2 protein chains.
Amino acid sequence: MSTKSSPRAPQRPRTASPNRRERATDLRAAGSAAVPTFKPIHTRRTFEEICERIREQLALGVLKPGDKLPAERELAQQLGVSRNVLREALRSLEMAGVLRLQKGVKGGAFIQQGDTRRMNEVMRDMLSLGTISVRELSEARVHVLDLVVQLACANARRGDLDALEANIERTELATKEGRLLDRVECSREFYKLLAASTGNKVIAMIVDSVTEIHMRFVYAKVASSGVAMARLAEKRRQFLAALSERNVALASRLLRSHLESVQRMLEQDPGAMSLHVALADVQPGLRR
Amino acid sequence: MSTKSSPRAPQRPRTASPNRRERATDLRAAGSAAVPTFKPIHTRRTFEEICERIREQLALGVLKPGDKLPAERELAQQLGVSRNVLREALRSLEMAGVLRLQKGVKGGAFIQQGDTRRMNEVMRDMLSLGTISVRELSEARVHVLDLVVQLACANARRGDLDALEANIERTELATKEGRLLDRVECSREFYKLLAASTGNKVIAMIVDSVTEIHMRFVYAKVASSGVAMARLAEKRRQFLAALSERNVALASRLLRSHLESVQRMLEQDPGAMSLHVALADVQPGLRR
DNA sequence: TTCCATTGAATGGGTGATCCATTTAATAAT
DNA sequence: ATTATTAAATGGATCACCCATTCAATGGAA
């Protein structure tokens with residue numbers, strides 16, 4: 001508070017908290033004219049303020065992917081906070097996929113391209129915390145994939161179909177050579193390619209997030225029991241043929257039927273369906 | 001690491017980094033038998049390790065919502081890291097909605113119920129960073145809402161319909177009294193209720209995330225131009241009637257038609273559609 | 001006894017100084 | 001011209017504090 005006349009502020013500038021309090025109160029007052037109850041303020045902490053400040057610059061277009069933030073020591077001084085608390089904010093933004101921190105001279109905090117895998121983490125956390133259930137996730141996946149088939153039939157381009165074709169060939173090879181877990185990887189990629197073929201990254205992101213979790217269950221099931229979906233590549237080819245002919249009804253029916261058979265396979269042994277097995281540890285290929 | 005025989009470790013246990021290096025290398029080696037190229041390791045930092053450790057406990061069910069982590073000072077000592085770096089990890093988890101940090105004696109880090117609003121943040125960041133476009137978001141929203149109508153017709157319960165009815169009444173009141181921005185708030189809530197009526201929290205979360213952004217645009221448009229959708233409550237009533245009769249085709253048609261007219265309203269003045277206006281600052285009601 | 005004010009300990013919030021490890025550019029040596 | 005060395009900048013991490021908040025325990029007043 002006060003004047004802050006000293007050039008390097010040798011004594012503590014311990015003014016952050018009271019200032020924030022005032023600001024929060026102002027915001028509430030501006031919210032609506034006559035407020036009946038007024039409890040929920042929940043004083044802002046500096047790292048929240050910092051995160052928000054940076055996100056604001058992002059939304060305003062002042063910061064764009066590729067840009068570099070000032071060095072930690074300098075930015076901390078600019079913001080009038082300690083380097084430690086600034087790092088808490090930067091860490092949060094890094095975990096959020098907004099920043100990438102790079103060491104060394106010419107290093108720094110660089111704004112990143114958005115990482116759509118963040119949504120996977122959200123789904124995973126919601127499942128871990130019991131906010132959503134496996135049943136809801138599976139159901140949502142079926143419905144969303146149905147939508148994907150419609151959009152893919154409408155929008156898939158030649159390159160998308162070729163990529164799916166190549167994926168099916170890899171699946172066949174993995175099947176022949178008995179690499180069951182690699183085949184699960186192929187499946188995961190198949191749905192990713194299918195989602196991408198809709199041409200809509202929002203849809204693709206949603207599909208990926210539900211599929212990523214689902215594939216962990218499949219992976220765990222295959223790894224523990226050794227069973228595997230029969231005639232997988234063949235079914236994929238039929239589906240791709242329907243997709244290529246833009247036959248929505250057929251493609252939709254084929255996919256739904258396949259999803260149901262996978263679901264039956266998974267539910268066959270409820271013990272292996274435990275969240276813990278599927279979520280707990282990190283399989284080599286399924287991780288970023 | 002070594003023996004760590006001293007009880008309180010007065011000298012620095014500066015051994016963290018080299019250990020992590022070794023561990024990362026081991027992981028890579030275990031990843032596959034014969035690796036052709038080996039570049040991407042990207043040494044793990046302690047805060048990542050900590051986050052992962054805690055998430056692992058979550059997935060394993062050792063930690064559940066409501067549980068409390070040890071105090072920062074103690075947990076830091078248990079993990080053999082400094083309190084500051086532990087706080088970086090806790091901050092990240094707090095931003096992720098996994099933890100809530102509470103001050104005071106009997107305070108601590110408490111595992112939370114999952115907060116589905118996290119997905120909104122993801123969408124917002126992806127849009128800010130240019131990873132997804134407004135067009136993709138709008139398109140996805142239309143398709144997802146179409147799906148929602150199907151599911152709502154199938155699954156909506158009496159309470160859901162009553163809540164929608166009550167929402168429409170609030171909308172009428174706001175319209176009569178000319179509170180245009182409150183009416184936008186009602187719209188946001190309408191879609192939230194509609195999404196909830198599917199009975200599937202995954203679907204609801206997805207719908208909310210795309211709707212939240214969309215409503216920012218509507219809010220900005222209404223706030224700047226003062227225009228507002230005509231006959232809103234009336235259209236809502238028609239839609240709700242169709243929903244109550246489980247008439248999927250009619251409900252779907254009504255909603256789609258409404259969405260299109262809103263879209264026309266928004267696109268009428270492209271200037272007001274700027275990302276910056278919609279995303280930059282925080283409207284009182286639209287914020288957590 | 002009951003109730004309320006005081007106190008003190010535990011806890012998260014925050015600061016500043018200091019060191020380490022990595023990276024890169026500038027410089028020197030070959 | 002090439003290669004090795006050095007120096008500076010930067011993120012990574014630690015330590016030692018201090019502050020503000022919260023709540024249980026304590027003790028005095030009614």
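What you see is a predicted model, and the numbers here were worked out from it, not measured in a lab.
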Worksheet entry | Interatomic distance where CD belongs to B:Glu49 and P belongs to D:dA13 [whole Å] | 11 Å
Worksheet, complete the sentence: Ranking A:Glu72 and B:Gly104 by the position along DNA chain D of their nearest nucleotide, the one closer to 5' is A:Glu72
Fill in: Along DNA chain C (nearest heavy atom to each residue), the more 5'-positioned of A:Lys106 and A:Phe47
A:Phe47
Discussion item. Given the structure, check if the side chain of B:Arg91 and the base of C:dG12 hold any donor-acceptor pair shorter than 3.5 Å.
Written reply: no
Item to complete: Look at the side chain of A:Arg45 against the base of C:dG14 and say whether a donor-acceptor pair falls under 3.5 Å; ignore hydrogens and angles.
Response: no
Worksheet item: For B:Leu86, which of B:Leu79, B:Leu69, B:Thr46 qualifies under side-chain contact (heavy atoms from CB on, under 4.5 Å)?
Response: B:Leu79
Worksheet entry | Salt-bridge criterion met for B:Asp208 and B:Arg117 (N-O under 4.0 Å) | no
Fill in: Exercise: identify the closest heavy-atom pair between A:Leu129 and B:Gly97
CD1-O, 4.4 Å
Discussion item. Just the rounded figure in Å: distance from P of D:dT14 to CZ of B:Arg73.
Written reply: 16 Å
Discussion item. Just the rounded figure in Å: distance from P of C:dG12 to CG of B:Leu90.
Written reply: 8 Å
Discussion item. What is the separation between atom CE on B:Met95 and atom P on C:dG13, rounded to the nearest whole Å?
Written reply: 13 Å
Worksheet item: OP1 or OP2 of D:dG12 less than 4.0 angstrom from a side-chain nitrogen or oxygen of A:Arg87, does that happen here?
Response: yes
Discussion item. How many whole angstroms separate atom NZ of B:Lys68 from atom C1' of D:dC23?
Written reply: 12 Å
Worksheet entry | Separation of atom CG in B:Asn84 from atom P in C:dG12, rounded to whole Å | 13 Å
Worksheet item: Looking for any heavy atom pair under 4.0 Å, which part of the strands does A:Arg100 touch: base, sugar-phosphate only, or nothing?
Response: nothing
Discussion item. Does C:dG16 have OP1 or OP2 under 4.0 Å away from a side-chain N or O of A:Ser82?
Written reply: no
Worksheet item: Should we say atom NZ of B:Lys68 is surrounded by more than 12 heavy atoms from elsewhere, each under 6.0 Å from it?
Response: yes
Worksheet item: With the threshold set at 4.0 Å, does a side-chain nitrogen-carboxylate oxygen contact exist between B:Glu52 and B:Arg55?
Response: no
Discussion item. Expressed as a whole number of angstroms, how long is the span from A:Leu69:CG to D:dA9:C1'?
Written reply: 16 Å
Worksheet item: Taking N and O atoms by type only, does the side chain of A:Arg83 place a donor or acceptor under 3.5 Å from a partner on the base of C:dG14?
Response: no
Item to complete: Give the rounded distance in Å between these two atoms: NZ of B:Lys103 and P of C:dG12.
Response: 11 Å
